[in-house]
Amino acid sequence: MFSDLNVFKVAYALATHAGQRQAVISRNMANADTPGYRARDIEPFVEAFEKSSATSAMSATRDGHLNGVGPGGMTWTEHMRGGAVDPNGNGVSLEEEMLNAVEVKRQHDRALAIYKSSIGILRTGLGKA
């Protein structure tokens, strides 16, 4: 009956993506005054999820399984973000990074809301609401 609950996999992947993107944004903010540092970002969740769902034959059950790919087989590539560059070669805008951090928090909150709602539906279905 409950053999394949994809909603939990998607919520997990969404929360993991938000956590990894938050780490990239934090690194950008920490290097806001580093000469020559360029802002980085990871691909949007939708693009990464579409690519992985089209090619997913196996999924990892723990870290280190399937050549080190984490649970769900989701990996996100980091890339340099374009934009204005300061005279010292730094391409980080603190204002933009703060907006990105708010967006990531909303993404993480959305993943938790999906997870909690799904747990509530399962509990109701089992008669343990």
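In this text the structure is predicted, and so the values were computed from the model without any measurement.
Phe8 CZ: more than 12 foreign heavy atoms inside a 6.0 Å radius.
Contact of the Glu78 side chain with the Gln20 side chain is not registered, since no non-hydrogen atoms from C-beta on lie closer than 4.5 Å. With contacts defined as side-chain heavy-atom distances shorter than 4.5 Å, the pair Arg27/Val24 qualifies. Side-chain contact between Arg110 and Ile114 is present, with at least one heavy-atom pair separated by less than 4.5 Å.
Side-chain heavy atoms closer than 4.5 Å link hydrophobic residues (I, L, V, M, F, W, Y) into clusters, and following such links, even through other members, never connects Val7 to Leu112. Placement of Ile119 and Val10 within a single hydrophobic cluster is found when ILVMFWY residues are connected by side-chain heavy-atom separations under 4.5 Å, directly or transitively. By the rule that hydrophobic residues join a cluster once side-chain heavy atoms approach within less than 4.5 Å of another member, Met29 and Val85 end up as members of separate clusters.
Between His17 and Gln107, the shortest heavy-atom distance links the atoms ND1-NE2, 2.9 Å. Closest heavy-atom contact between Asn28 and Arg38: OD1-O, 4.5 Å. Minimum heavy-atom separation, Ala39 to Gly91: CB-O, 3.6 Å. Residues Ala15 and Ala111 come closest through the heavy atom pair N-CB, 3.7 Å. Minimum interatomic distance between Val104 and Ala18 (heavy atoms only, all atoms of both residues): CG1-O, 3.1 Å.
Considering CZ of Arg21 and CG of Asp41, their distance stands at 4.0 Å, rounded to 0.5 Å. The structure places CG of Asp86 at 9.0 Å from CG of Asp33, a figure rounded to the nearest 0.5 Å. Once rounded to the nearest 0.5 Å, the distance linking NE2 of His108 with CZ of Arg106 reads 15.5 Å.
Looking at Ser26, its side chain does come within 3.5 Å of a backbone N or O of Gln22 through a donor-acceptor pair. Arg81 contributes a side-chain N or O that, together with a main-chain N or O of Arg40, makes up a donor-acceptor pair within less than 3.5 Å. Side chain of Asn88 to main chain of Asn90: a donor-acceptor pair is present (N/O by atom type, distance under 3.5 Å, no hydrogens or angles).
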Apply side-chain contact (heavy atoms from CB on, under 4.5 Å) to Leu5 and Lys9, showing your working.
-> CA-CA 7 Å; Leu5 300 173; Lys9 293 176 187 176; over 6 Å; no
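Residue Ile25 forms a side-chain contact (heavy atoms from CB on, under 4.5 Å) with just one option from Val92, Leu99, Ile42, Asn100, and that option is Asn100.
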